[in-house]
Amino acid sequence: MDSLTHLALGAAVGVAVLGRRTPVWKAALVGAVCNTLPDLDVFIDQGDPVSNMTLHRAGSHALFWLTLVSGPIAWCAARLAHERDRFRRWWLAVWLALVTHPLLDSLTIYGTQLLLPYSDAPVGLGSVFVIDPLVTLPLVVGVVAALRWRAPRGLAWNRTGLLLCGAYLAWSVAAQAWVRERALEALLAQGVSRPAHLLVTPAPFSTLLWRVVAVTRDERRYVEGFRSLLDAADQPWRFDTFDRGARFLPDERARGWHLQRMLWFTRGLWRLQRLPDGDLVLTDLRMGQEPGYTFAFRLPPRGSAPLPQSVGGRTDVERGLRWLARRTFGADLPPPR
């Protein structure tokens with residue numbers, strides 16, 4: 001999720017655990033800082049764009065390592081707050097502020113390696129977009145109220161904000177499951193049975209409009225479509241079909257670790273294109289939409305001097321936002337290409 005959401009979540013957790021005896025501003029500050037700490041890995045240069053992408057949300061987001069460091073951080077925080085007699089309460093607050101960061105991130109589609117060092121499998125449910133005001137706003141309002149008003153009124157607002165945020169996240173999971181079932185029915189009706197890989201994730205900023213990507217059973221093509229929860233019941237699904245570039249996979253062994261790494265990290269939701277000079281471009285189909293994707297990498301042959309280059313980008317943002325607003329509210333419009 002975005003930095004503001006993590007700051008607000010950490011502050012809300014800190015206030016909820018410590019707010020009755022500890023000054024609210026201290027609880028909010030420590031919680032916000034702790035919930036932000038896992039994302040400091042973005043300042044570590046792993047050497048190339050593929051490594052930077054696939055090693056983000058790795059060790060710094062692992063529940064095991066965060067649990068290990070929670071004790072020392074809590075001891076320092078309790079000492080600075082002159083509340084060493086309440087160390088256990090500080091430990092709980094710090095631990096919750098730390099682990100709720102990767103748990104929230106795992107609801108986005110990116111991929112969070114929660115289970116390191118036991119498993120590096122990236123967890124990405126994809127039920128919520130990385131920026132969603134309905135996740136952030138209840139947390140911000142609750143924390144601001146807690147800072148402004150004395151207990152118990154302010155603390156009640158903070159608890160309500162956490163509950164509303166949690167309820168919305170639960171709603172996102174339920175809505176995703178509902179859209180997934182409808183998408184499978186629509187795909188079957190249009191001749192795409194038992195897709196090899198299926199992605200159902202919300203479009204930006206809400207859980208009303210959902211994007212569906214399905215890789216066909218032969219893994220040579222993929223289809224993309226959108227469904228709004230405000231669409232008319234009889235509105236037909238619109239799917240566009242694209243070449244996946246699977247015929248270039250025989251070159252995989254010649255491309256080395258970077259291509260292998262992206263094939264693993266994208267969990268089958270990728271596209272390959274060959275450039276005139278022989279380089280391959282691998283695109284992560286999970287983040288973005290046709291034709292603009294956030295993550296795409298130019299992969300030279302193994303052993304050549306250049307490292308992978310990031311070539312991802314976005315299309316016309318203004319045009320895309322206009323389409324997004326109209327499509328979210330049920331207009332039957334083709335996506336901008």
Side-chain angles (χ1 to χ4, degrees), residues 1-3 6 36-62 65 101-102 105-106 108-114 116-117 119-124 126 129-131 197 199 201 204 211 213 215 222 224 242-246 248-317 320:
M1 298 296 290
D2 62 285
S3 297
H6 284 305
T36 303
L37 287 178
D39 272 346
L40 294 182
D41 66 344
V42 299
F43 295 106
I44 302 174
D45 186 2
Q46 304 289 352
D48 64 81
V50 169
S51 298
N52 287 340
M53 177 188 178
T54 61
L55 292 174
H56 174 47
R57 297 193 186 179
S60 68
H61 287 61
W65 299 120
H101 177 121
D105 278 352
S106 68
T108 67
I109 198 60
Y110 188 95
T112 305
Q113 297 172 51
L114 292 175
L116 286 171
S119 170
D120 63 355
V123 179
F129 189 67
V130 67
I131 300 174
H197 306 282
L199 169 71
T201 194
R211 176 174 176 256
V213 177
V215 176
Y222 63 95
E224 179 189 61
F242 304 93
D243 179 29
R244 189 167 177 243
F248 300 127
L249 269 185
D251 289 344
E252 174 183 346
R253 293 180 181 177
R255 302 288 163 169
W257 181 86
H258 294 100
L259 179 56
Q260 299 258 8
R261 183 75 174 175
M262 286 303 300
L263 294 177
W264 163 78
F265 193 70
T266 57
R267 289 167 280 169
L269 292 157
W270 49 262
R271 177 185 67 196
L272 279 172
Q273 297 168 297
R274 186 191 292 279
L275 300 178
D277 62 4
D279 286 359
L280 292 180
V281 173
L282 187 144
T283 300
D284 186 338
L285 299 176
R286 299 172 303 158
M287 287 164 276
Q289 66 185 67
E290 290 293 333
Y293 288 95
T294 305
F295 295 105
F297 301 98
R298 181 171 181 153
L299 304 173
R302 183 170 58 182
S304 60
L307 289 171
Q309 300 175 14
S310 176
V311 293
R314 295 179 175 86
T315 51
D316 188 330
V317 174

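Throughout, numbering of the chain's residues begins at 1 and tracks the sequence.
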Check your understanding: Hey, does the side chain of Glu290 reach the backbone of Glu224 with a donor-acceptor pair shorter than 3.5 angstrom?
Key -> no
**Study point:** Atom pair CG/CG of Asp277 and Asp279 - distance to nearest 0.5 Å
**Key:** 4.0 Å
Practice item. Quick one: pull up CZ in Phe242 and CZ in Arg271 and give me the separation to the nearest 0.5 Å. Key: 8.5 Å
**Study point:** Exercise: identify the closest heavy-atom pair between Pro122 and Gly111
**Key:** CB-CA, 3.8 Å
Check your understanding: What heavy-atom pair brings Val50 and Trp257 nearest, and what distance separates the two atoms?
Key -> CG1-CZ3, 4.3 Å
Practice item. Please test His258 against Phe297 for side-chain contact (heavy atoms from CB on, under 4.5 Å), starting from the C-alpha separation and ending with a verdict. Key: CA-CA 9 Å; His258 294 100; Phe297 301 98; over 6 Å; no
**Study point:** Donor-acceptor pair, side chain of Gln113 and main chain of Leu55, under 3.5 angstrom
**Key:** no
Practice item. May I ask you to establish whether Arg286 and Phe295 are in a cation-pi arrangement, using a distance under 6.0 Å from NZ or CZ to the six-membered ring centre and at most 45° from the ring axis? Key: no
Check your understanding: Below 4.5 Å, heavy atoms only, C-beta onward: do Leu199 and Ile109 meet side chain to side chain?
Key -> yes
Point to revise | Minimum heavy-atom distance between Leu114 and Pro102, given as atom pair plus value | key: CD2-CB, 3.4 Å
Practice item. Report yes if the side chains of Leu37 and His101 come closer than 4.5 Å at any heavy-atom pair, otherwise no. Key: no
Practice item. Look only at the side chain of Tyr110 and the backbone of Met287, and say whether a donor-acceptor pair between them is shorter than 3.5 Å. Key: no
Revision key, fill the gap. Between Ser106 and Thr112, the two heavy atoms sitting closest are N-OG1, 3.7 Å
Point to revise | Residue pair His56, His61: steps toward the side-chain contact (heavy atoms from CB on, under 4.5 Å) verdict | key: CA-CA 8 Å; His56 174 47; His61 287 61; 4.2 Å; yes
Revision key, fill the gap. Nearest heavy-atom approach of Thr283 to Ala296 is OG1-CB, 3.7 Å
Exercise for review: Decide yes or no on side-chain contact (heavy atoms from CB on, under 4.5 Å) for Leu269 and Val215, but give the supporting numbers first.
Suggested key: CA-CA 7 Å; Leu269 292 157; Val215 176; 4.1 Å; yes
Review point. Is Trp65 atom CH2 crowded by more than 12 heavy atoms from other residues, nucleotides or ligands, each under 6.0 Å away?
Key: no
Review point. Are side-chain heavy atoms of Met1 and Asp105 found at a separation under 4.5 Å?
Key: yes
Exercise for review: Determine yes or no for a side-chain-to-main-chain donor-acceptor pair under 3.5 angstrom, with Arg244 supplying the side chain and Trp270 the backbone.
Suggested key: yes
Practice item. Spell out, as yes or no, whether a donor-acceptor pair under 3.5 Å connects the side chain of Arg211 to the backbone of Gly288. Key: yes
Check your understanding: Can you find a heavy atom in the side chain of Leu249 that is under 4.5 Å from one in the side chain of Leu263?
Key -> yes
Review point. Taking side chain as C-beta onward, heavy atoms only, is Met53 less than 4.5 Å from Arg261?
Key: no
Review point. With a 4.5 Å limit on heavy-atom distance, are the side chains of Asp120 and Trp264 in contact?
Key: yes
**Study point:** N/O donor-acceptor pair under 3.5 Å between Thr201 side chain and Gly126 backbone
**Key:** yes
Point to revise | Thr108 vs Arg57, side-chain contact (heavy atoms from CB on, under 4.5 Å): CA-CA, chis, key distance, verdict | key: CA-CA 12 Å; Thr108 67; Arg57 297 193 186 179; 2.9 Å; yes
Check your understanding: Would you say the side-chain atoms of Asp284 pair up with the backbone N or O of Tyr293, donor to acceptor, closer than 3.5 Å?
Key -> no
